Amino acid sequence: MGSIDTPTITENGSTQLQAAAPSGGDHKPPASANGAQVEVSPEPEATKKRRSSMLPLEVGTRVMCRWRDGKYHPVKVIERRKMPYAVPYDYEYYVHYTEFNRRLDEWVKLEQLDLDSVETVVDEKVEDKVTSLKMTRHQKRKIDETHVEVGHEELDAASLREHEEFTKVKNIATIELGRYEIETWYFSPFPPEYNDSLKLYFCEFCLNFMKRKEQLQRHMRKCDLKHPPGDEIYRSGTLSMFEVDGKKNKVYGQNLCYLAKLFLDHKTLYYDVDLFLFYVLCECDDRGCHMVGYFSKEKHSEESYNLACILTLPPYQRKGYGKFLIAFSYELSKKEGKVGTPERPLSDLGLLSYRGYWTRVLLDILKKHKGNISIKELSDMTAIKAEDILTTLQSLELIQYRKGQHVICADPKVLDRHLKAAGRGGLEVDVSKLIWTPYKEQS
């Protein structure tokens, strides 16, 4: 028989599809480290009775679960489903690892659960549910360090509860995009006909999605796109940026939002994409331009927002692309002759990422600048909104209020210390390679 595609797992949860040698069909009993066969002791009758009395586990049960690191972690049962052709208590359980971000929620089998650690299910009052949801949301933003997302801190308790209930179970487990198979993180409201699909296959160029691999293969033979359907506005080495108008390319814009929602928790899904421009970052090779990430931006923002949503896809994270996208949004603002700021409210992580960018940009200028400089001058030079400059410098304790005005205190040693703490700046935007006309000037 031929070889099969088996995934190589990477640290960010994505897998790169590659060929593997065929395996034999022999099944041997478990062996110890020295190769001897291990005899499995039969389960005592008392243990069997106790297990069956607590099964199936109720939704809300707290128990320890064996995770992919081989260790046990506390979880809460979010949902359960009976397995086909199963014995009476053979269920799968959808669990939330209470120590981790909600993106790690998953379906687990009974043997992964330590039934000796089961806690009695307590009926939670509505107030307790709301409190725990808020705690979970705070904790997940504190723990997750892989992407920027715009949060929903403005949601009232009822809306937050409704959101959590509606999106509690991931509907799509994995996607295939180009040469990567990627584990999803969150629920995304795909059309109802995709509700029974655990895996979706995306065309990496037009972002149409399908239920079966054969459909994708047929589509790829017909699809003549080799890059996002927009104008290339930046090319430097193998990196390229395309501007996609949501009005001109409505289906692409909507598909991009469906895709992004799989990796962003509190993201509003924009069905009305006409009002947005999408800036899609790609790595280019002889096969085409492959999407790395993107940010969206309103065509006209009264609040001076220069970025609405931002995402780097999991296989490309921790490579400086997120910082590149933030820097790129400000280069567009400079071309427009405007100051910019990301759409509010920002998540904790979003604020952290932007504070890092603002810190590096501002301190680089302060290090090189001789003499006094005002907040207004810094804003004009960087396109960063004055309020963002002020709060950043205040958080670094580099600004004082004297005689009715703010004074920047720029001790070189202090600046160096803060710059070191802010980390690397990521990939540089070569402004000479940016060829772009602001939207308002287009016909």
Side-chain angles (χ1 to χ4, degrees), residues 4-18 68 94 101-107 144 146-149 167-221 223 225-229 244 251-267 269-271 273 278 280-283 287-296 309-319 321-322:
I4 58 172
D5 281 342
T6 57
T8 300
I9 301 174
T10 60
E11 65 175 14
N12 51 30
S14 64
T15 62
Q16 190 165 342
L17 300 176
Q18 63 180 30
R68 61 188 70 173
Y94 193 79
N101 184 282
R102 206 160 71 102
R103 70 181 175 84
L104 296 176
D105 295 2
E106 63 179 349
W107 288 102
D144 189 5
T146 54
H147 68 280
V148 182
E149 61 186 67
T167 66
K168 67 181 181 181
V169 178
K170 276 181 261 192
N171 50 339
I172 308 296
T174 58
I175 63 166
E176 187 173 308
L177 181 72
R179 60 196 177 102
Y180 291 104
E181 183 177 82
I182 310 170
E183 291 182 14
T184 64
W185 295 353
Y186 302 109
F187 172 91
S188 181
F190 284 89
E193 59 265 32
Y194 295 90
N195 285 347
D196 61 346
S197 305
L198 291 178
K199 181 175 180 179
L200 289 182
Y201 298 85
F202 279 80
C203 170
E204 63 175 329
F205 301 117
C206 71
L207 298 188
N208 280 335
F209 45 89
M210 293 131 242
K211 293 182 179 182
R212 298 192 306 277
K213 180 86 169 183
E214 312 86 76
Q215 290 176 302
L216 175 65
Q217 289 169 340
R218 284 198 301 270
H219 169 85
M220 294 305 290
R221 287 195 287 268
C223 185
L225 276 182
K226 293 298 176 188
H227 57 75
V244 181
V251 173
Y252 181 90
Q254 290 173 340
N255 290 346
L256 179 55
C257 289
Y258 282 126
L259 173 64
K261 181 63 189 73
L262 291 168
F263 305 101
L264 299 173
D265 188 5
H266 291 278
K267 170 191 176 346
L269 193 67
Y270 301 117
Y271 294 103
V273 294
F278 299 91
V280 185
L281 179 62
C282 298
E283 284 183 354
R287 295 185 302 114
C289 298
H290 313 282
M291 178 183 167
V292 164
Y294 85 104
F295 69 89
S296 58
C309 190
I310 180 172
L311 170 74
T312 304
L313 289 168
Y316 300 98
Q317 288 175 358
R318 304 188 185 279
K319 296 181 179 180
Y321 287 128

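Basis for what follows: all heavy atoms, side chains included, without hydrogens, waters or symmetry-related copies. Just so it is clear, the model here is predicted, and its values are computed rather than measured.
In terms of heavy atoms, Val280 sits closest to Pro228 at CG1-CG, 3.8 Å. For the residue pair Leu177 and Ile182, the shortest heavy atom distance occurs at CB-CD1, 4.5 Å. Scanning all heavy atoms of the two residues, the minimum distance from Pro229 to Phe205 falls at CD-O, 4.2 Å. Annotation for Thr184 and Phe263: closest pair CA-CE2, 3.9 Å, computed over non-hydrogen atoms. Tyr252 and Val244 get closest at one heavy-atom pair: CD2-CG1, 3.8 Å. Taking all atoms of both residues into account, the shortest heavy-atom contact from Asp105 to Asn101 is OD1-O, 4.3 Å.
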Self-check item: ring-ring contact (aromatic ring centres under 6.0 Å, His included) evaluation trace for Phe209 with Phe190
Solution: CA-CA 10 Å; Phe209 45 89; Phe190 284 89; 4.9 Å; yes
Exercise. Take Ile175 and Leu259, measure what side chain to side chain contact (heavy atoms under 4.5 Å, CB included) needs, and give me the verdict at the end.
Key: CA-CA 9 Å; Ile175 63 166; Leu259 173 64; 3.4 Å; yes
Quiz item: side chain to side chain contact (heavy atoms under 4.5 Å, CB included) between Asp196 and Lys211: does it pass, once the steps are laid out?
Solution: CA-CA 9 Å; Asp196 61 346; Lys211 293 182 179 182; 3.6 Å; yes
Quiz item: Stepwise, does the side chain to side chain contact (heavy atoms under 4.5 Å, CB included) test hold for His290 with Arg179?
Solution: CA-CA 10 Å; His290 313 282; Arg179 60 196 177 102; over 6 Å; no
Quiz prompt | Intermediate values then yes/no, side chain to side chain contact (heavy atoms under 4.5 Å, CB included), Met291 and Leu256 | solution = CA-CA 11 Å; Met291 178 183 167; Leu256 179 55; 3.3 Å; yes
Self-check item: salt bridge (Lys or Arg N to Asp or Glu O under 4.0 Å) between Lys199 and Glu181, worked out
Solution: CA-CA 9 Å; Lys199 181 175 180 179; Glu181 183 177 82; 2.4 Å; yes
Self-check item: Check against salt bridge (Lys or Arg N to Asp or Glu O under 4.0 Å), Glu183 and Arg68
Solution: CA-CA 13 Å; Glu183 291 182 14; Arg68 61 188 70 173; 3.5 Å; yes
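Below 30°, between 30° and 60°, or above 60°: for Tyr321 and Tyr316 the angle between ring planes is above 60°, a perpendicular geometry.
Considering only heavy atoms from C-beta on, Trp107 comes within 4.5 Å of Val169 through its side chain. Between Asn208 and Val251, some side-chain heavy-atom pair lies under the 4.5 Å cut-off. Contact check for Tyr294 versus Cys309: side-chain heavy atoms found under the 4.5 Å cut-off. Residues Phe278 and Val273 form a side-chain contact, since some pair of their non-hydrogen atoms from C-beta on lies under 4.5 Å apart.
To the nearest 0.5 angstrom, Cys206 atom SG is 7.5 Å from Asn255 atom CG. With values rounded to the nearest 0.5 angstrom, Lys170 atom NZ is found 10.0 Å from Trp185 atom CH2. In this structure, CZ in Arg212 is found 9.5 Å from OG in Ser197, a value given to the nearest 0.5 Å. Remark: Phe295 CZ to Leu311 CG distance equals 13.0 Å, nearest 0.5 Å. To the nearest 0.5 Å, atom CD of residue Gln217 and atom OH of residue Tyr201 are 9.0 Å apart.
Side chains of Asn171 and Asn195: no donor on one and acceptor on the other come within 3.5 Å.
Across Arg287, Glu176, Lys226, a single residue satisfies side chain to side chain contact (heavy atoms under 4.5 Å, CB included) together with Glu204, and that is Arg287.
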